[in-house]
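The analysis underlying the following values was restricted to heavy atoms, covering all of them including side chains, and did not include hydrogens, waters or symmetry mates. The residues of the chain are indexed from 1 along the displayed sequence.
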Amino acid sequence: MPSSVTALGQARSSGPGMASSACCCSPAAVQRRLPIMAWLPNYSLQWLKMDFIAGLSVGLTAIPQALAYAEVAGLPPQYGLYSAFVGCFVYFFLGTSRDVTLGPTAIMSLLVSFYTFHEPAYAVLLAFLSGCIQLAMGVLHLGFLLDFISCPVIKGFTSAATVTIGFGQIKNLLGLQNIPRQFFLQVYHTFLRIAETRVGDAVLGLVCMLLLLVLKLMRDHMPPVHPEMPLGVRLSHGLVWSATTASQNNYRIDANQELLAIGLTNVLGSFVSSYPVTGSFGRTAVNSQSGVCTPAGGLVTGVLVLLSLGYLTSLFYYIPKSALAAIIIMAVAPLFDTKIFRTLWRVKRLDLLPLCVTFLLCFWEVQYGILAGALVSLLMLLHSAARPETKVSEGPVLVLQPASGLSFPAMEALREEILSRALEVSPPRCLVLECTHVCSIDYTVVLGLGELLQDFQKQGVALVFVGLQVPVLRVLLSADLKGFQYFSTLEEAEKHLRQEPGAQPCNIREDAVPDHKVALLEA
């Protein structure tokens, strides 16, 4: 396994050959790539008891869910169990979270159904290919790409997937046959053939949903899990807990390491007929609330799934589809965030645009919805970078302060505003460019500022700078701009522009600007 960029940099600075090998094999590097080495030496009997309870709770939750999610993926039910145990063993060695469990999920199963056409061989191939891509992303440290998928896009996708998955199970809940899988056709044919509902299937499905709802209500009235609780109480608590959370515990998740774990799970899983898997919201919540202490709880889950494959597969044929439909509907229902629309309306209404675009297009094709939402978010980000807000202070001297950084898309907008406020008025006015919030500039910005300085000189007025940070000041000094003047404070700049005595621009050479002493700029 290759070392991180940081480790390579440290090795190069300390010498070739032996230094690089030592850094790659250091305890910190080993723990980063094999997180099990961080907690296994301190493993205790108390942790074993808690992990066993959590693993058993998750296993009893994972088995019916895996069977149900295989139906969503359009595969025979046993393929859900084929996909449910490999991640338990892989994550034991490579996982960075004690709560996360890997396995089949509703949304991943929905995505699989779009590409496999009910053919298990295609699903297995998809697991292998997606695993290779995830492994490559983890090795190349591309986990940061996830930062470019905004929360509104994720919420729009998960909400649309919830509706698609939930409504897709109505046909099984009512016992309807030969309903198309395409969402809009599915809605049309379901209502068209509602009179063909099988009363027995509908009653069984509704009873199962009611039972699951009762278990969820029981969960809300149960106390938190403590190690001193009796075994039966802790187990029952884990079995009824199926809320959707992010981990609430205080530890860091390494995105690149998680990609490695999920990628290896999918690659190895393809050899045992698994379809693509990922982290599960519901089972992760079960794991966390059952008091899991380490990823060792996954071993119990994996063994339980394997036992069910070995001894219960002959019974899968008799599981009613309406019961599986009830499990799926109740599992995905919490994923629909009804509060997000109201929250975004209060916080930032413009964020409703990528959410709604993603939500609506996902009913057509999921991948198009995600791509369109990400593109809208990117355009919004580029627009804010190209048209940054500026604060203008009118007074004896015009002061203009960019509210954010300056990059090449923003230069033209800044130039137009400066020209309209300072040079295209009669008479032309001097201007102070207050750059406190500007932390970096590029070559295009430097050229634009140079042209502005020339325009101000031609009009017989001055353009001066205040509040330049060290990196920005160094770039401007190295560019050797004609007429460039920098002042330490706004008061000094205003005095200079009003032709008052005692205000002189700072004469700082480029080589006199150290990286670590911003205070020198105010000397």
Side-chain touch Leu264/Leu135, heavy atoms, less than 4.5 angstrom: yes
From Met137, Gln134, Arg33, residue fulfilling side-chain contact (heavy atoms from CB on, under 4.5 Å) relative to Leu260: Arg33
Any donor-acceptor pair under 3.5 Å from Ser288 side chain to Thr284 backbone: no
Cation-pi, Trp345 ring and Arg349 (6.0 angstrom, 45 degrees): yes
Check: Ile262 and Thr278 side chains under 4.5 Å, non-hydrogen atoms: yes
Flag for Asp51-Thr294: side-chain donor and acceptor within less than 3.5 Å: yes
Separation between CG of Leu382 and OG of Ser384, rounded to the nearest 0.5 Å: 7.5 Å
Side chain Gln469, main chain Pro471, donor-acceptor under 3.5 Å: no
Thr390 side chain reached by Glu417 side chain, heavy atoms, under 4.5 Å: yes
Donor-acceptor contact below 3.5 Å, side chain Asn256 vs main chain Gly143: yes
Identify all side-chain donor-acceptor contacts of residues 444-458 below 3.5 Å with residues at least two apart in sequence or on another chain.
| residue | atom | partner | partner atom | Å |
| --- | --- | --- | --- | --- |
| Asp455 | OD2 | Arg415 | NH1 | 3.4 |
| Asp455 | OD2 | Arg415 | NH2 | 3.0 |
| Gln457 | NE2 | Lys482 | O | 3.4 |

Geometric class of the Phe359/Phe341 ring pair [parallel <30°, tilted 30-60°, perpendicular >60°]: perpendicular
Side-chain H-bond candidate by donor/acceptor type, Gln367 with Tyr115, under 3.5 Å: yes
Option from Val470, Val472, Val466 for which side-chain contact (heavy atoms from CB on, under 4.5 Å) with Leu468 holds: Val472
Residues which pass side chain to side chain donor-acceptor pair (under 3.5 Å) with Ser109, listed by chain and number, not counting sequence neighbours: Tyr275
Side chain Gln257, main chain Leu94, donor-acceptor under 3.5 Å: yes
Side chain to side chain, Ile149 and Ile154, heavy atoms closer than 4.5 Å: yes
Any donor-acceptor N/O pair, Thr265 side chain to Val90 backbone, under 3.5 Å: no
Aromatic plane relationship, Trp364 with Tyr368 - under 30° parallel, 30 to 60° tilted, over 60° perpendicular: tilted
Whether Phe148 and Phe144 hold their rings parallel, tilted or perpendicular, with breakpoints at 30° and 60°: perpendicular
Least distance between heavy atoms, Gly156 atom then Thr358 atom: C-CG2, 3.9 Å
Donor-acceptor side-chain pairing of Thr96 and Glu258 below 3.5 angstrom: yes
Taking every non-hydrogen atom, the tightest pair across Gly279 and Val100: CA-CG1, 4.4 Å
Distance in Å, Asp254 CG paired with His141 NE2, rounded so as to fall on 0.5 Å steps: 8.0 Å
Proximity of Phe484 and Phe465 rings by center, below 6.0 Å: yes
Polar contact flag, side-chain donor to acceptor under 3.5 angstrom, Ser44-Gln46: no
Heavy-atom side-chain proximity of Cys430 to His496 below 4.5 angstrom: no
Check: Gln65 and Pro104 side chains under 4.5 Å, non-hydrogen atoms: no
Using distance only, find each side-chain donor-acceptor pair of residues 331-339 under 3.5 Å and give its atom names and separation, not counting sequence neighbours.
| residue | atom | partner | partner atom | Å |
| --- | --- | --- | --- | --- |
| Asp337 | OD1 | Lys339 | N | 3.1 |
| Asp337 | OD1 | Ile340 | N | 3.4 |
| Asp337 | OD2 | Lys155 | NZ | 3.1 |

Check: Val432 and Leu398 side chains under 4.5 Å, non-hydrogen atoms: no
Test item: Val366 and Leu111 side chains (from C-beta on) under 4.5 Å apart, heavy atoms: yes
Ring centre gap for Phe93 and Phe89 strictly below 6.0 Å: no
Whether Asp351 side chain and Leu344 backbone form a donor-acceptor pair below 3.5 Å: no
Side chain Tyr69, main chain Ile328, donor-acceptor under 3.5 Å: no
Salt-bridge criterion met for Arg421 and Glu394 (N-O under 4.0 Å): yes
